[in-house]
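What you see below is based on every heavy atom in this structure, not just the backbone, and it leaves out hydrogens, waters and symmetry mates.
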Amino acid sequence: MDESGRRRQQWRNHPSSSSSSTGHTRFRSQQYSSNPTKTTRSSNFVPRSTTTTGTTPHNTRNPGYVPKWKSVSNANNQQEGETEAGEEVGSIVGTCPFMCPEGERAQRERLRDLAIFERLNGDPRKTSAALAVKKFCRTISLKYVQASDVRPLSVLEDTLNYLLNLLDWSEHPFEVVHDFIFDRTRSIRQDLGMQNIVNDRAICMYEKMVKFHAVSHHRLQNCGSSSISSLQYLNMEQLMKTLASLYTLYEANHSSNSISENEAEFRSFYVLLHLDSKSQQREESLSFWFRRVPSLVMKSKEMHFARQVLRFYRMGNYRSFLCTVSAEASYLQYCIIEPYVNEVRALAVSYINNCCYKLHPYPLEHLSKLLMMKESDMESFCHACGLKTLSDDGGNKLLPTKQTTFCNPKGSFQSCSILGLEQYQRQTAA
């Protein structure tokens, strides 16, 4: 066989790369579409339309159209690796008049899948429309969702208010209450996303949910449960996600010369959550984040406070840090900052222990005023840092310096509030 004959034979045995690629693509599409009811990431994918005829920016029913504010959220959630129905293209108008759809309520009664707050007279097999709240579903496809299973905005607002009122319950440990509200508020965000609701009422709801996670961030510090560390991690994760969604809503509702009423304070939370440089290993640099913040927010007193606290924390200026927090922090800002307070105090104790003259023990009364805490708490804090204290002939408590046993307080050590902010501690415990 001559050279040309061999080439023709090779061509028959190995078709062109384009035909091979087409066949492989066809096989993949058949594989992913063979079970359309299976709720996997592949079955949730809605392809973009390849035609532009008749497509307008306002046609949110077109499966190929992704609103600008939504496309940013889609990119963020793809990085997080979590699929929620509200993150798909398209939209739906909910008609469910209850906090929980009737079908889900009946199914969960049969399966005895009712939270303690949803049980009618404590019966795990019975609930009612006034008690049951729709659960969060991690993987769900919008094209299989019925309008009767999605709650409209007015019902979502009532549901959120009902959930937040449960925070006042003292019959159950806070971690139990938190776990229930944690899941049900995720479901609320899911329903808001499925309907592409981006108005001022949605902003108000997101602000309430951020407040819930911020207060929980503070209150979970004082819980003694063995699983508290995982609860803190999950709560922080949802706090960051809810904040990201809230910021996207702010941007979608910006006018030329104004910002939302509470935007400055809620933007400051992002800075306060990144005081520790370790937390930026998985986040963008704060300097880049600041560039996207509106100038009106950057000039606000809330952002000025957050940047001051950031500067003092990074510099190790414990005195200015504590004084600024005591004088200017709002309740929600303090809830976020409070876990850092012990770190700053421990830094101050290490400075004094290492730098002061060994023959002159440091008076705890002076140290407690410097670190803005009670003297009795100051003594306990020194012990938590691995340092010994003593008393002089007059009964005054002293901290001997140059001790080599210093260590940072364990996570189990209960944080002491800053003097002057005890009302925040009482407000949290209420």
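- For the residue pair A264 and E302, the shortest heavy atom distance occurs at CB-OE1, 3.5 Å.
- Electrostatic pairing of E118 and K135 does not count as a salt bridge here, judged by no charged N lying under 4.0 Å from a carboxylate O.
- Within the 4.5 Å cutoff, the side chain of R291 has no heavy atoms near those of the M298 side chain.
- F136 is not listed as a side-chain neighbour of T185, based on a closest heavy-atom distance of 4.5 Å or more.
- Here the OH-CD1 distance, from Y247 to I203, works out to 13.0 Å after rounding to the nearest 0.5 Å.
- Counting only distance, with no hydrogens or angles, the side chain of R307 and the backbone of V271 share no donor-acceptor pair below 3.5 Å.
- With hydrogens and angles left out, the side-chain atoms of R151 and S187 include a donor and acceptor closer than 3.5 Å.
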Self-check item: Worked verdict on I259 versus Y250 for side-chain contact (heavy atoms from CB on, under 4.5 Å)
Solution: CA-CA 8 Å; I259 57 175; Y250 284 148; over 6 Å; no
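- Distance alone, capped at 3.5 Å, is enough to place a donor-acceptor pair between the N354 side chain and the S350 backbone.
- The minimum heavy-atom distance linking L163 with I181 is given by the pair O-CD1, 3.2 Å.
- A pairwise comparison of heavy atoms in Q221 and P339 identifies NE2-CG, 3.6 Å as the closest pair.
- Contact annotation: the side chain of H383 approaches that of E379 to within less than 4.5 Å [non-hydrogen atoms, C-beta and beyond].
- Between S268 and F305, every side-chain heavy-atom pair lies at or beyond the 4.5 Å cut-off.
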Quiz item: So C204 and K208, side-chain contact (heavy atoms from CB on, under 4.5 Å) or not? Walk me through it.
Solution: CA-CA 6 Å; C204 181; K208 289 181 179 180; 4.0 Å; yes
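- Contact of the P409 side chain with the C385 side chain is registered, since non-hydrogen atoms from C-beta on lie closer than 4.5 Å.
- Two residues are said to be in side-chain contact when any heavy atoms from C-beta on lie closer than 4.5 Å; F98 and V155 fail this criterion.
- Closest approach of T405 to G386, counting heavy atoms only: OG1-O, 2.5 Å.
- Heavy atoms from other residues, nucleotides or ligands lying under 6.0 Å from NE2 of H304 number 12 at most.
- When atom types are taken as modelled, the side chain of N165 and the backbone of N161 share a donor-acceptor pair closer than 3.5 angstrom.
- Under 4.0 Å is where a charged nitrogen must lie from a carboxylate oxygen, and between E251 and R292 no such pair does.
- Scanning both residues, C382 and L367, for their nearest heavy atoms gives SG-CD2, 4.3 Å.
- To the nearest 0.5 Å, the span separating CG on L249 from CE on M205 amounts to 11.0 Å.
- When each of Q146, K134, Q107 is paired with P101, the side-chain contact (heavy atoms from CB on, under 4.5 Å) condition holds for K134 and for no other.
- Looking at L243 and L239, their side chains come closer than 4.5 Å, going by heavy atoms from C-beta outward.
- The two atoms that bring Y206 and T242 nearest to each other are CD2-CG2, 3.7 Å, heavy atoms only.
- In this structure, D191 contributes its side chain and V150 its backbone to no donor-acceptor pair below 3.5 Å.
- In this structure, the side chain of S326 does not engage the main chain of C323 through any donor-acceptor pair within 3.5 Å.
- Distance CD1/I337 to CG/L272: 4.5 Å, rounded to 0.5 Å.
- A donor-acceptor distance shorter than 3.5 angstrom exists from the side chain of Q403 to the backbone of K388, with no hydrogens or angles considered.
- For the atom pair CG (L131) and CG (L114), the distance works out to 9.5 Å, reported to the nearest 0.5 Å.
- How far OG of S320 is from CE of M315: 7.5 Å, rounded to the nearest 0.5 Å.
- The line from CG of L220 to CD1 of I228 is 4.5 Å long, rounded to the nearest 0.5 Å.
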Quiz item: Is there a ring-ring contact (aromatic ring centres under 6.0 Å, His included) between F269 and F266 once you walk through the steps?
Solution: CA-CA 5 Å; F269 296 165; F266 281 82; 5.0 Å; yes
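- A distance-only check finds a donor-acceptor pair linking the side chain of S330 to the backbone of Q333 [under 3.5 Å].
- R105 and T127 share no side-chain donor-acceptor pair at under 3.5 Å.
- Of the possible polar contacts, one joining the R184 side chain to the V133 backbone as a donor-acceptor pair under 3.5 Å is found.
- Of the candidates M378, E375, K397, E375 is the only one forming a side-chain contact (heavy atoms from CB on, under 4.5 Å) with E365.
- With hydrogens and angles ignored, the 3.5 Å screen pairs no side-chain donor or acceptor of N408 with any backbone N or O of E343.
- For Q238 (side chain) and R186 (main-chain N/O), no donor-acceptor pair under 3.5 Å exists by modelled atom type.
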Exercise. Kindly determine whether F212 and L160 satisfy side-chain contact (heavy atoms from CB on, under 4.5 Å), including the steps that lead there.
Key: CA-CA 11 Å; F212 159 70; L160 180 59; over 6 Å; no
Practice problem: With side-chain contact (heavy atoms from CB on, under 4.5 Å) as the test, would you mind laying out the steps for W289 and H274 before giving the verdict? | Solution: CA-CA 11 Å; W289 184 83; H274 290 80; over 6 Å; no
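- The list of salt bridge (Lys or Arg N to Asp or Glu O under 4.0 Å) pairs with a residue in residues 156-167, not counting sequence neighbours, reads E157-R201.
- Proximity of the aromatic rings of H172 and F117 is defined here by a centroid distance below 6.0 angstrom, and this criterion is met.
- In this structure, H213 and F182 have side chains that are in contact, with non-hydrogen atoms separated by less than 4.5 Å.
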